[in-house]
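Within every chain, numbering begins at 1; the chains are lettered A, B, ... in the order of the sequence lines, protein sequences first and strands thereafter. Owing to the predicted nature of the structure, the values given are computational and were not obtained by experimental measurement. Below, all heavy atoms of this structure are taken into account, side chains as well, without hydrogens, waters or symmetry copies.
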Amino acid sequence: MKAIQAARGTRDLLPPETELWNHIEATARRVFARYCFGEIRTPIFEDTQLFARSVGEETDIVSKEMYTWEDRARAQSEKAQSLTLRPENTAGVVRAYIEHKLGESGLLQKLYYIGPQFRRERPQKGRYRQFYQIGAEVIGPTSAGSESPLRDAEVLEMLATLLGELGIVDWKLYLNSVGSASDRPRYVLALQEALKEIAPKLCADCQRRAQTNPLRVLDCKIPEDQPFIETLPKIAEFLDANSRVHFAQVCAALDACGVPFILNPRLVRGLDYYTRTTFEFVHAGLGAQNALLGGGRYDGLSEAIGGPKAPGIGFAMGADRLVLTLQAQQEAPSAMPRLADAYIAPLGEAQQEQALVLARELRQAGLRVELGDGNFRIKKSFEVGNRLARRIVLFGEEEAQSGIMTVKDFASGAQTKVPRAELAQALQRK
RNA sequence: GCGGCUAUAGUUCAGUGGCAGAACGCCGGUCUGUGGCACCGGAUGUCGUGGGUUCGACCCCCACUAGCCGCCCCA
């Protein structure tokens with residue numbers, strides 16, 4: 001019989017690697033707490049329309065990468081609902097914001113999430129069909145200050161801090177403004193106009209993009225195309241006064257707190273809901289998938305899915321990519337499994353029961369204890385104990401009767417006799 | 001979705017149209033209440049899956065599956 005394998009693009013995370021995952025998530029939670037974000041957990045699947053209307057019907061994500069199915073109709077007369085595994089989490093958070101009328105509090109909502117997302121893409125290193133994102137959103141009514149450039153700067157400063165505390169070095173922050181909901185269409189029109197002139201001189205991909213998604217031409221990496229792309233109109237020239245001032249204030253606030261950034265007028269993000277500030281933190285050494293995280297402002301998203309006006313800004317970090325980066329930097333704290341404080345070796349089957357009692361005592365005292373097997377030869381107990389723990393506690397007939405335990409430290413080789421009552425304390429010592 | 005590379009022991013990888021290999025790891029012994037180090041010995045396996053060519057296929061051909069790299073896109 002053929003063994004069943006994990007589905008394509010999915011994988012198991014095993015110890016000790018999971019310790020690194022826990023470390024990353026714990027660091028994120030700690031930093032979010034200092035910035036007063038609360039955790040939100042939204043469903044893993046949602047109504048398909050949520051993603052179609054927020055992320056955008058024409059985006060790659062919605063048009064070809066979603067896991068979508070028709071749910072069973074509850075009654076003959078009822079139409080089956082179309083459901084989709086979430087391909088990202090911002091839409092779900094904004095849906096929850098609307099559904100629970102969180103804007104009615106009059107305060108900014110600051111929410112973070114950690115969890116799996118699903119996109120049916122071709123797998124590659126750093127890209128999986130089930131992948132994990134750590135993200136956060138600041139959203140609220142305009143009266144709560146949700147449109148303030150201070151919020152953008154605060155989020156970006158938090159991200160710089162978080163990456164620093166994770167130990168990620170050499171990141172770069174690319175920053176841009178894609179303009180308001182009315183700026184963008186004007187810019188796209190101008191871009192299409194300009195592309196009519198130069199498109200024939202561009203690479204095949206760009207000629208296609210010029211038709212399907214003109215903004216993406218700006219992202220082209222072909223060296224030969226660059227001189228022509230330079231001649232295209234810049235989004236900055238199409239920003240209205242409000243957007244221009246807003247962006248200048250974001251940049252000034254970042255300067256004030258010393259967060260370095262690189263203006264990138266070509267930074268175009270693939271989700272339709274982004275307005276004004278957009279950003280991306282990248283790291284070399286990740287190959288083609290070099291983005292550690294991306295995000296931006298989405299001033300019209302709430303309204304696009306039937307909610308009140310609720311401007312917001314947020315980001316999503318790729319946890320898989322943080323893991324890869326930290327592993328590449330050899331700062332993975334869990335290359336080796338942690339050793340237990342003690343390995344209790346029952347010598348003979350007759351001692352097993354009492355060895356379990358002893359292990360319970362030590363564990364309740366807070367020690368990390370491995371319990372061996374009374375059927376092992378003593379040599380094997382030492383071999384196994386040496387791999388699992390810093391010290392071995394022999395528990396044979398002699399120890400059971402006398403109440404004096406035999407403890408050997410593997411590193412020093414020193415062997416001592418310790419009364420059972422003092423054992424927990426003796427094992428605490430490094 | 002498109003193009004390329006790859007798939008052999010637990011792991012990293014050699015290999016040849018004619019008996020399946022190394023290193024590390026694992027198991028056992030030297031050593032019956034003493035690990036690491038050393039020495040000795042042992043097992044590693046549907047050679048990714050399914051077809052085809054051939055007297056004979058791990059090797060050549062085809063398909064499939066999976067991973068990696070690039071494109072697309074994105075975290």
Checklist line | Canonical and wobble pairing (Watson-Crick, G-U, under 3.5 Å) of RNA chain B, dot-bracket with | | finding: (((((((..((((....[..)))).(((((.......))))).....(((((..]....))))))))))))....

Next item on the list: May I ask you to say what A/Phe118 touches in the nucleic acid, namely base, sugar-phosphate or nothing, with a heavy-atom cut-off under 4.0 Å?
Entry: nothing

Check: Is any side-chain N of the basic residue among A/Asp341 and A/Arg390 closer than 4.0 Å to the acidic one's carboxylate O?
Finding: yes

Next item on the list: Tell me which nucleotide among B/rA75, B/rG67, B/rC69 gets nearest to the side chain of A/Pro123.
Entry: B/rG67

Note to self: Please enumerate all residues that pass salt bridge (charged side-chain N to carboxylate O under 4.0 Å, His left out) together with A/Glu147, with sequence neighbours excluded.
What the structure shows: A/Arg276

Next item on the list: May I ask you to say what A/Leu293 touches in the nucleic acid, namely base, sugar-phosphate or nothing, with a heavy-atom cut-off under 4.0 Å?
Entry: sugar-phosphate

Next item on the list: Name every residue in residues 311-321 of chain A that has at least one heavy atom under 4.0 Å from any atom of RNA chain B, in order of residue number, or write none if there are no such residues.
Entry: A/Ala316, A/Gly318, A/Arg321

Note to self: Please classify the nucleic acid contact of A/Gly385 as base, sugar-phosphate, or nothing, using heavy-atom distances under 4.0 Å.
What the structure shows: nothing

Item checked: Salt-bridge present (A/Arg151, A/Glu154; N to O < 4.0 Å) -> yes

Next item on the list: Report which part of the nucleic acid A/Arg377 touches: base, sugar-phosphate, or nothing (heavy-atom distance under 4.0 Å, all strands).
Entry: sugar-phosphate

Return a table of donor-acceptor pairs under 3.5 angstrom between the side chains of residues 26-44 of chain A and protein atoms on other chains or two or more places apart.
{"from": "A/Thr27", "atom 1": "OG1", "to": "A/His23", "atom 2": "O", "distance (Å)": "2.7"}
{"from": "A/Arg29", "atom 1": "NH1", "to": "A/Glu39", "atom 2": "OE1", "distance (Å)": "2.8"}
{"from": "A/Arg29", "atom 1": "NH1", "to": "A/Tyr112", "atom 2": "OH", "distance (Å)": "3.1"}
{"from": "A/Arg30", "atom 1": "NH2", "to": "A/Glu165", "atom 2": "OE1", "distance (Å)": "2.9"}
{"from": "A/Arg34", "atom 1": "NH2", "to": "A/Glu165", "atom 2": "OE2", "distance (Å)": "2.5"}
{"from": "A/Tyr35", "atom 1": "OH", "to": "A/Glu157", "atom 2": "OE1", "distance (Å)": "2.8"}
{"from": "A/Tyr35", "atom 1": "OH", "to": "A/Glu157", "atom 2": "OE2", "distance (Å)": "3.2"}
{"from": "A/Tyr35", "atom 1": "OH", "to": "A/Thr161", "atom 2": "OG1", "distance (Å)": "3.4"}
{"from": "A/Glu39", "atom 1": "OE2", "to": "A/Arg41", "atom 2": "NE", "distance (Å)": "3.0"}
{"from": "A/Thr42", "atom 1": "OG1", "to": "A/Arg86", "atom 2": "NH1", "distance (Å)": "3.4"}
{"from": "A/Thr42", "atom 1": "OG1", "to": "A/Asn89", "atom 2": "OD1", "distance (Å)": "2.9"}

Notebook entry, point to check: With A/Glu399, which residues qualify under salt bridge (charged side-chain N to carboxylate O under 4.0 Å, His left out), at least two apart?
Noted result: none

Checklist line | Those residues that, when tested against A/Phe281, pass ring pair (Phe, Tyr, Trp, His ring centres under 6.0 Å) (two or more places apart) | finding: A/Trp171

Check: Counting any heavy atom closer than 4.0 Å, what does A/Thr59 reach on the DNA or RNA strands: base, sugar-phosphate only, or nothing?
Finding: nothing

Check: What is the nucleic acid contact for A/Lys408, judged by heavy atoms within less than 4.0 Å: base, sugar-phosphate only, or nothing?
Finding: base

Check: How is A/Gly9 classified with respect to the nucleic acid when contacts are heavy atoms under 4.0 Å: base, sugar-phosphate, or nothing?
Finding: sugar-phosphate

Notebook entry, point to check: Base, sugar-phosphate, or nothing: which does A/Glu88 touch, judged by heavy atoms less than 4.0 Å apart?
Noted result: nothing

Notebook entry, point to check: Ignoring hydrogens and angles, does a donor from either the side chain of A/Gln5 or the base of B/rU65 sit under 3.5 Å from an acceptor on the other?
Noted result: no

Next item on the list: Would you indicate what A/Leu322 reaches in the nucleic acid, counting non-hydrogen atoms under 4.0 angstrom: base, sugar-phosphate, or nothing?
Entry: nothing

Margin query: Please enumerate all residues that pass side-chain contact (heavy atoms from CB on, under 4.5 Å) together with A/Tyr174, with sequence neighbours excluded.
Written below: A/Lys172, A/Ile262, A/Asn264, A/Leu267, A/Val282

Next item on the list: Quick one: list whatever passes ring pair (Phe, Tyr, Trp, His ring centres under 6.0 Å) with A/Tyr343, sequence neighbours left out.
Entry: none

Check: Taking only residues two or more places apart in sequence, or in another chain, which ones meet A/Ser302 in a side-chain contact (heavy atoms from CB on, under 4.5 Å)?
Finding: A/Val94, A/Ile98, A/Pro308, A/Ala310

Next item on the list: Using ring pair (Phe, Tyr, Trp, His ring centres under 6.0 Å) as the criterion, list what pairs up with A/Phe51, not counting sequence neighbours.
Entry: none

Notebook entry, point to check: For A/Gly413, which contact category applies under a 4.0 Å heavy-atom criterion: base, sugar-phosphate, or nothing?
Noted result: base

Note to self: I need the residues from residues 40-48 of chain A with at least one non-hydrogen atom less than 4.0 Å from RNA chain B; give them sorted by number, or say none.
What the structure shows: none

Next item on the list: Sequence neighbours left out, what passes side-chain contact (heavy atoms from CB on, under 4.5 Å) with A/Arg11? Give chain and number order.
Entry: A/Leu13, A/Trp21, A/Tyr128, A/Asp320

Margin query: Classify A/Arg120 by what it touches in the nucleic acid, base, sugar-phosphate, or nothing, heavy-atom distance under 4.0 Å.
Written below: sugar-phosphate

Next item on the list: Classify the nucleic acid contact of A/Gln124 as base, sugar-phosphate or nothing, counting any heavy atom under 4.0 Å across all strands shown.
Entry: base

Item checked: Pairwise C1' distance, B/rG4 and B/rC72 [rounded to whole Å] -> 15 Å

Margin query: Strictly below 4.0 Å: does A/Arg387 bring a side-chain N or O up to OP1 or OP2 of B/rC26?
Written below: yes

Margin query: Do the side chains of A/Glu370 and A/Arg363 get close enough for a salt bridge, i.e. N-O under 4.0 angstrom?
Written below: no

Check: Hey, does A/Glu398 reach any base, or is it just sugar-phosphate, or nothing, if we go heavy atoms under 4.0 Å?
Finding: base

Note to self: Between the side chains of A/Arg95 and A/Glu99, is the shortest nitrogen-to-carboxylate-oxygen separation below 4.0 Å, so that they form an ion pair?
What the structure shows: yes

Item checked: side-chain N/O A/Arg11 vs B/rA66 OP1/OP2, d < 4.0 Å -> no

Note to self: On the side chain of A/Arg122, is there an atom forming a donor-acceptor pair with the base of B/rC71 - under 3.5 Å, no angle test?
What the structure shows: no

Notebook entry, point to check: With a centroid cutoff of 5.5 Å and a plane-angle limit of 30°, would you call A/Phe131 stacked on B/rA75?
Noted result: yes

Checklist line | Touch class at under 4.0 angstrom, heavy-atom based, for A/Leu292 against every strand present | finding: sugar-phosphate

Item checked: Residue whose nearest RNA chain B nucleotide is more 5′ - A/Gln133 or A/Ala7 -> A/Ala7

Note to self: For the C1' atoms, the ones on B/rU30 and on B/rC37, what distance do you get once it is rounded to whole angstrom?
What the structure shows: 14 Å

